[in-house]
Colleague: 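Can you read through this structure? Questions will come right after.
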Amino acid sequence: MQIFPEKYRLLAWLSVLLLAGFLTTSLVSYLSSRHNIRQNITNNSLPLTSDNIYSEIQKDILQPIFISSLMAHDTFVRDWLLAGEPDQAAIVRYLAEVKRKYNTTSSSLVAEGSRNYYYADGLLKQVDENEKRDIWYFRVREMADDYEINVDVDMANRDAVTIFINHKIFDYHGNFLGATGVGLTLDTMARLIDSYENRFHRMVYFINAQGRVMLSGKAAPLKRGYLSNVQGLRTLESQILNNDPMPTRLSYDTPDGQVMVSSRFIPELGWYLVVEQNEAESLQPLRNVLLFNLSVALTISLLVLLIAWLAVRRYQARLERMATNDTLTGCLNRQAFEIVLSSFTRSASRSQRALSAILLDVDHFKHINDSAGHLTGDAVLRELAAQLRLSLRESDVIARWGGEEFMILLNDCSLDKAEERAESLRQRIDRHDFPSGHVTISLGVAQYRPDEEESAFFSRLDKALYLAKANGRNRMESAATP
């Protein structure tokens, strides 16, 4: 079974080719643009963003390290400690000024000689090796590095979780004198990260050397715990934790699309800065363009196909008319009429209704052609056909039988009525003014006999017409019906 008729099969193939062409072009363009966007993100956009954020970190987060180092190397602090902490109010003013000037959340100093813990509001306490909260100081005293970054609660700030930068203080001969410290609360740090994410439209977070996520913004709510527990990142953990201060370019896949990753080690913090960008946001405008292109392609394809379909229908109808209609008179041609006649005779046999026909011929038509010319003869035939159509019912069928002969098929019409119709036609033509002047016709009438061969029916009509001509023309004769 054919889905499309033969005459529409070409249109079906054309539609497939059009849609395939548009779809292929749009997809190739989309895939090429997606590749370029990925390359741009990986090679340019993300590394540049990572560099910008790193610069921001140096200004916002690494500043406390420099402040702590500055305090530890301040001659006033060292001289004050070497002098035996003579004026406690002086060091408190100093710590308060550091906190105010550099906008830190805390500033502190622990003297090794007295174990006094000073902060911006005075003397807080004395550190004790047996006190759990003071373990940090003794850890700092014994560590090999000059400073550490530690996340702990701040006793001087209602136990707020704070990032402390604790720095050793040495005298001029390298002897340990104590430790300075400045801090930023995690909330402050989180707000800084949120500001990075809002400005750069990237996901930003920090992880330590053990792969633990230490800080993250609102855009990374799932980035908690260790990288080994984070979907997508667990396979990249070893590549991220590489101690390389230069950016490392990585990627992983999610249901929303590919995520580009840039990581770098920050020696001053001892942490890794990780910046992520999901390609989905960058590709969304591209997807919108793809959908728009596909909709335009579909619309254009449908319009082209509609125009082609209308053209095919028009020319098909024209070809069908040319195949079934006489080009001069517009009546059915003989081949088409024979098909209609077969249908009518079968219907008449089944329904037992009368079927009659009229065969007519223009009298002395050769004389018209010879005297007035063939163009005039053609005009007479066209006018004759028009007059015949005006006299017939919608159910009647007229055909040009050949030359100047016409056949009229009268459905549901007995011989008597057919004779009346034929006589009416003869009189109408006799009275009508034709381009060549007066024109008459001779007519033969017959009623179809049930189960009669069509050739026999035509023969009886032809004999009736011959009789009309033999009896003087411009008359009607009928074939006998048993």
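We're numbering straight along the sequence, starting at 1. FYI, side chains are in, hydrogens and waters are out, and symmetry mates aren't considered; it's all heavy atoms of this structure.
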Colleague: Establish, from distance only, whether the side-chain atoms of S228 and R234 form a donor-acceptor pair under 3.5 Å.
Modeller: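 S228 vs R234: no donor-acceptor pair found between side chains.
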Colleague: Which pairs with one or both residues in residues 340-368 pass salt bridge (Lys or Arg N to Asp or Glu O under 4.0 Å), sequence neighbours excluded?
Modeller: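 Only D361-K469, D363-K469, K366-D370 qualify under salt bridge (Lys or Arg N to Asp or Glu O under 4.0 Å).
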Colleague: Scan residues 328-339 for pairs that pass salt bridge (Lys or Arg N to Asp or Glu O under 4.0 Å), counting only residues two or more places apart or in two chains.
Modeller: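 Passing the test, one end in residues 328-339: R334-E338.
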Colleague: With sequence neighbours excluded, tell me which residues meet salt bridge (charged side-chain N to carboxylate O under 4.0 Å, His left out) with E423.
Modeller: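 Per chain and number, E423 pairs via salt bridge (charged side-chain N to carboxylate O under 4.0 Å, His left out) with R426.
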Colleague: Return yes if a side-chain donor-acceptor contact under 3.5 Å exists between D433 and H438, otherwise no.
Modeller: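 No - no donor-acceptor pair under 3.5 Å links their side chains.
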Colleague: Please list, chain by chain and in numerical order, all residues satisfying side chain to side chain contact (heavy atoms under 4.5 Å, CB included) with Y102, sequence neighbours excluded.
Modeller: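 Expected list: Q63, I67, L70, V98, T104.
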Colleague: Quick one: side chain to side chain donor-acceptor pair (under 3.5 Å) partners of R212, sequence neighbours excluded?
Modeller: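 By the side chain to side chain donor-acceptor pair (under 3.5 Å) rule, R212 matches no residue at all.
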Colleague: Are Q447 and S414 close enough that a side-chain donor and a side-chain acceptor fall under 3.5 Å?
Modeller: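 Side-chain D/A pair, Q447 to S414: absent.
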Colleague: Between N242 and T248, do the side chains contain an N or O donor and an N or O acceptor separated by less than 3.5 Å?
Modeller: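 Yes, T248 and N242 have a side-chain donor paired with an acceptor closer than 3.5 Å.
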Colleague: Do N243 and Y272 have side-chain atoms, one donor and one acceptor, less than 3.5 Å apart?
Modeller: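 Y272 and N243 do have a side-chain donor-acceptor pair below 3.5 Å.
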Colleague: Is a side-chain donor-acceptor pair under 3.5 Å present for Y205 with E276?
Modeller: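 Indeed, the side chains of E276 and Y205 share at least one donor-acceptor pair under 3.5 Å.
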Colleague: Restricting to salt bridge (charged side-chain N to carboxylate O under 4.0 Å, His left out), what partner residues turn up for E452, sequence neighbours left out?
Modeller: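 In terms of salt bridge (charged side-chain N to carboxylate O under 4.0 Å, His left out), with neighbours along the sequence ignored, E452 is linked to R460.
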Colleague: Salt bridge or not for R421 and E419, using N-O below 4.0 Å?
Modeller: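 Salt bridge absent between R421 and E419.
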Colleague: Let me know which of L360, I441, V362 forms a side-chain contact (heavy atoms from CB on, under 4.5 Å) with I429.
Modeller: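 Per the side-chain contact (heavy atoms from CB on, under 4.5 Å) rule, the option paired with I429 is I441, out of L360, I441, V362.
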Colleague: When you check the side-chain N and O atoms of D462 and S459, is any donor under 3.5 Å from an acceptor?
Modeller: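 Distance-only check fails for D462 and S459.
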